[in-house]
Amino acid sequence: MAKRKGWVAPSNSPINSLDDGCLMHIFSFLSPIPDRYNTALVCHRWCFLACHPRLWLRVERPIKGVAEPGVFLNLEAAISAARPGDTILIAAGGNHVACNIQIKKPLCLIGGGELPDETVLTCSRGSDSALEFLSTCKIANLTIRAELGCCLLHRSGRLTIEGCVLQCEENPLDYLSFPIVSTATAYPSLKKGQQDEHGLTVARTRIEGGAKAVSTNGTLALQHVRAIYSRTSIFFWFEVGVVVDK
Amino acid sequence: MAGSSKEMEKVLLRTADGGSFVVSRCVAAAMVAISCEVEAGEGEREGGILVPNVTRPVLAKILRFLHIHVEMAPSLYPITLERFDKEFLNVSVDFLYHILLAAYHLKIVSLRDLVCQKVADMMKGKSIDEIRTTFNIPNEYTAEEMAKITKKYPWIFDQQLDDEKGISVEKDKNIENEGTSKGKHKRTADELGSVEKDNHIENKKGTNREEEIHVESKEGASTGKDKQIEDKEEREGARRRRHSE
C-alpha cells in the first residue's frame, strides 16, 4: 500500500488493513444519515470511500437486463427506495419522466452526463411541477423541462441548484409557468446569527422561458442576483432567502 | 441434503502456509472464486487446489461456516443457524477482519455480508469521536476541513433549527431508525466551534421536518417593499432575457 498522508500502520488501526472494496461494502450497510456520513468525517480514506459513487443509487436501464441492487428504471422508484442522505445518479440520455415527484427526504440528484443538457427530466402538461422539494436537497447537472407548470417547486428546506438547466416551454400560456416556485416561509430564528433553514441557492444555472425565473409565494425574497450572458444562453446565480436587514 | 454423490466427493484444499483440508465438493464450490477449479476436478488431483490469500486458521474457520451453512443447513432450524452465526463471529476483531478479507476475495457472499453487517453494527449509532476510539483511528481533520466537508453536503449536514446538539451520546433515539430517519445530523461542539445549546429548542426534538408548522412571520411594511423591488429586478431580468433571445 502506498504511503498516503495520514496513513497509519495496520497494527494501530487494523480496520484500515481492509481493502477499499471491503470497507465500501461495510459502509453500504450503514444508512447515509447519520451513520455513513459520520464515518466520512473520521479520516480522509473513509471520507473518500463513504462518499464514493459506487454507493450511489442509479437510474438507468440495467445493462444485462437483470435487476441489480441500487439500479432503478425510473426516478420515482429510486426516490422511494432511497434513504435520507442518499445520492441518486441519473443516467444521461434516455427519456426520464418527472411529474409531481415529491421529495420529502434529504437527497442529492446528479445528472450522469458531462453537460446538464445530456440528462433531461421532462414534466408533461397537466402536472404542477416536475420535482417538489420538502426537504434540504441538492440537484446538479440536470436539465428539467416543463411543458406547463413549473420545473421545481420548493416548499421547505434548503435547496441547492448547481449547474442545471431549467426550461419552461414556449406556449400561449407560458405566463403561467415559472421555472422555480418557492412557497417556503421563513420563521423567526430562535438564535442570533443562525443560518436560515429555508432558502434556495442557484449557481451557474440556465433558466429559459416562463414568465419570470422565480416566483416566491412565501415570505422569502430573491437576492444576490448575478447573470452572465454567454453567446447562447444566460447563466444565473441567485439566492432566495430571508431578506437581511441592512 | 447435499444428495448427489458428485457433491459428496472429497476435494483437497491447501493454503499457502501449509494447511490442507479435505472437504466435500459442495463446500468447496461455495467459494465462488475457486468454484471453476472445483468444477474442473482439480480438487481430486494430487496437489489439490491452492486457495489464494488465506492462512490456515482463517480457512479452517471459513470451512466450518460453509460446512454448517451448505451441508447441514437443510436439516437445521433457522434459529440454530442464527445462534451458530452469532457464536461464529465471537472472535477477536483482528481475526474478524481476516475472515472478512478472505470471504470477500473468495466471493462467499453470505459470510461476507454477515461479517460486514457485524462491523457496520460496530459503527452504528456512534459519534465520530466514538468511531475513532473504537477503531483506533487518529483525527486527521482540522476544524476547517470538517466545516468544508459539511458545507459540501448540505442535504446531509444541514443544521436544523430544532436540533443544536453536537454528535454526542445523548442522541435522540428517535432518529436512529433507518427508514424513518428524518435527516437530522449533529456536529460536535468542539469540532465546529462552540454552539450554544438552547433549552428552548429541545422541546422541538423529534418533530418531523416535513410537518413543521411554518410560523407565520409578521411581515412589516418594509419587507413588502423589498419584495416589490426584487420583483422589479426580476421583471427587468426577464425583459433583458427576451431581448437577447
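Labels below follow one simple rule: chain letters A, B, ... track the order of the sequence lines, proteins then strands, and each chain is numbered from 1.
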Short side-chain donor-acceptor distance under 3.5 Å, A/Asp20 and A/His52: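 Checked: A/His52/A/Asp20 side chains show no N/O donor-acceptor pair below 3.5 Å.
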Verify whether one side chain among B/Asp129 and B/Ser127 offers a donor that lies under 3.5 Å from an acceptor in the other.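 No, no side-chain donor-acceptor contact under 3.5 Å.
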Less than 4.0 Å between a side-chain N and a carboxylate O, is that true for B/Asp121 and B/Lys124?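 Salt bridge between B/Lys124 and B/Asp121, a charged N being under 4.0 Å from a carboxylate O: yes.
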Is the side chain of A/Ser156 donor-acceptor paired with the backbone N or O of A/Leu134 at a distance under 3.5 Å, no angle test?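 Flag set: sc A/Ser156 to bb A/Leu134 pair under 3.5 Å.
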Test item: A/Arg54 side-chain N/O and A/Met24 main-chain N/O as donor-acceptor pair under 3.5 Å: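 No.
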Give, as side chain, backbone, both or neither, the part of [X] having an atom under 4.5 angstrom from any heavy atom of chain A.
| X | answer |
| --- | --- |
| B/Asp113 | both |
| B/His105 | side chain |
| B/Tyr141 | side chain |
| B/Leu101 | both |

Does any heavy atom of chain B fall under 4.5 Å from the side chain of A/Ser215, the backbone, both, or neither of them?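 Neither the backbone nor the side chain of A/Ser215 comes within 4.5 Å of chain B.
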Under 4.5 Å heavy-atom distance to chain B, tell me which part of A/Cys43 shows up: side chain, backbone, both or neither.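 For A/Cys43, backbone and side chain are both near chain B.
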Picking from A/Leu23, A/Thr160, A/Leu107, which has the most non-hydrogen pairs under 4.5 angstrom with chain B?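 The option with the most such pairs is A/Leu107.
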Walk me through whether B/Leu106 and B/Leu111 qualify under side chain to side chain contact (heavy atoms under 4.5 Å, CB included). CA-CA 10 Å; B/Leu106 291 173; B/Leu111 180 57; over 6 Å; no
